[in-house]
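Only one structure is covered here, and it is reproduced in the block below.
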Amino acid sequence: MFPQEIKKRISTGLLSFPVTHFNEDLSLNLESYQSHVNWLSGFDAAGLFAAGGTGELFSLTPAEIAATTKAAKEAAGEMPIIAGCGYGTALAQDIARLAEEAGADGLLLLPHYLMNVPQEGIFQHVKAVCDSTGLGVIVYNRANSVATADTIARLADACPNLIGFKDGTGKTDLVRHITAKLGDRLCYIGGMPTHELFAQGFNGIGLTTYSSAVFNFVPGMALRFYNALRANDNATMNEILERFFFPFVQIRDRQPGYAVSAIKAGVELIGRTPGAVRWPLTNLEAAEKEQLRQLIDSVNDLQ
Ligand SMILES: O=C([O-])C(=O)C[C@H](O)[C@@H](O)C(=O)[O-]
């Protein structure tokens, strides 16, 4: 897909990050992954991200990122597939090339590895990755990589294939600066952990859309929330927040990394076989899983 085309497609609806499925020995289970992606593709989302943060990009090899992307493409029909990408510049360029060969429709560039660096370093790194691919690229502010509005504007001038900005920092003043400065040159994706908790606030400052991790296991309810946001339907949003999201974050917050582990547990609880998370993440304890099972059961009517 051409960069401007994918920008338009993903701006029109809810996005999500399928978890990556593993076998018992923690090797990729692409058959189970494809069945899950195929099921999710039947819901009215605008795009899925293969091997993103929730897809444990940080625990996958470049070859596994490519295999996951290819599997998602085969299973997703018309649904656009954006591939996760990251690490140092050379490795990110390799991943970008492999993802493009695997059929990705775009790239999400996660933060470079480990270091806190000046804005010029972020600019040169993102530009080098954009220059190495024909795919549209979404830059992701999170953790050690937080580009300022000036850096994003410089990147948009220098890279015609930079199509999007995703925020995982929660810095509303910075996000507002970016949306004010860049206007409709980019699409803007809210990507806070369990973004539904932030969706109304960020919608007010110009984010185009957001990604929903819980879409992995309660897609109907995630879409109901998204549509309520679009319709400014406060009562529905309040009900879903109270009945599902606030109790869900109590489970999610029990351990670092559960933002991913709890999603994988949810996928298992609806009868799929995503397998365990890879180290350094840890799996939910049995009692936590039981709590999540009860929570999922309690919102059956919202599905
Ligand atoms: O990198 C990631 O996986 C994300 O941050 C996306 C998630 O879908 C996030 O938006 C969430 O937890 O709802």
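Fair warning: this is a prediction, and the values are worked out from it, not measured in the lab. Whatever order the structure lists them in is the order used to number ligands and atoms, beginning at 1.
Counting heavy atoms closer than 4.0 Å to ligand 1, residue A259 contributes nothing at all. Contacts of P193 with ligand 1, taken as heavy-atom pairs under 4.0 Å, involve the backbone alone. Using a 4.0 Å cut-off between heavy atoms, R252 makes no contact with ligand 1 at all. Using a 4.0 Å cut-off between heavy atoms, F49 makes no contact with ligand 1 at all. Counting heavy atoms closer than 4.0 Å to ligand 1, residue R142 contributes side-chain atoms (C-beta onward) but none from N, CA, C or O.
Annotation: atom 5 (O) of ligand 1 to nearest protein heavy atom, Y140 OH, 2.8 Å. Among protein heavy atoms, the minimum distance from atom 13 (O) of ligand 1 is reached at A213 N, 3.0 Å. The protein heavy atom nearest to atom 12 (O) of ligand 1 is T194 N, 2.7 Å. In this structure, atom 7 (C) of ligand 1 lies nearest to the protein heavy atom S211 OG, 3.6 Å. The protein non-hydrogen atom at the shortest distance from atom 4 (C) of ligand 1 is K166 NZ, 3.3 Å.
Residue-to-ligand polar distances place G191 within reach of ligand 1: an N/O pair is separated by less than 3.5 Å.
Taking a cutoff of 4.0 Å between a charged side-chain nitrogen and a carboxylate oxygen, K127 and D131 qualify as a salt bridge. Between E268 and K264 there is no salt bridge, since no side-chain N of the basic residue sits under 4.0 Å from a carboxylate O of the acidic one.
Between H21 and Y33, the ring-plane angle classifies as perpendicular under the 30° and 60° cut-offs. Relative ring orientation between F43 and F215 is described as perpendicular, the plane-to-plane angle rising above 60° on a 0-90° scale split at 30° and 60°.
Not a single heavy atom of F215 lies less than 4.0 angstrom from ligand 1. The shell of residues lying under 4.0 angstrom from ligand 1, judged by heavy atoms, excludes G168.
The atoms of ligand 1 that sit less than 4.0 Å from any heavy atom of H195 are 10 (O), 11 (C), 13 (O). Heavy-atom contacts of G53 reach the following atoms of ligand 1: 1 (O), 2 (C), 3 (O) (cutoff under 4.0 Å). Close contacts of ligand 1 with M192, meaning ligand atoms under 4.0 Å from a residue heavy atom, involve 9 (C), 10 (O), 11 (C), 12 (O), 13 (O). Every atom of ligand 1 with a heavy atom of T54 under 4.0 Å away is listed here by number and element: 2 (C), 3 (O), 7 (C).
Between the side chain of E196 and the backbone N or O of F225, no donor-acceptor pair lies under 3.5 Å. S32 contributes a side-chain N or O that, together with a main-chain N or O of T273, makes up a donor-acceptor pair within less than 3.5 Å.
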Let's go through R97 and D94 carefully: what are the C-alpha distance in whole Å and the side-chain angles of both, what is the deciding distance for salt bridge (Lys or Arg N to Asp or Glu O under 4.0 Å) to 0.1 Å, and is it a yes or a no? CA-CA 5 Å; R97 180 179 45 78; D94 280 350; 3.6 Å; yes
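In this structure, CG on D105 lies 10.0 Å from CD on E78, to the nearest 0.5 angstrom.
Residues T282 and Y258 are in side-chain contact: their nearest non-hydrogen atoms beyond the backbone lie under 4.5 Å apart. The shortest distance between side-chain heavy atoms of L110 and R142 does not fall below 4.5 Å.
The cluster map of Ile, Leu, Val, Met, Phe, Trp and Tyr, joined by side-chain heavy atoms under 4.5 Å apart, puts I82 and L98 in different clusters.
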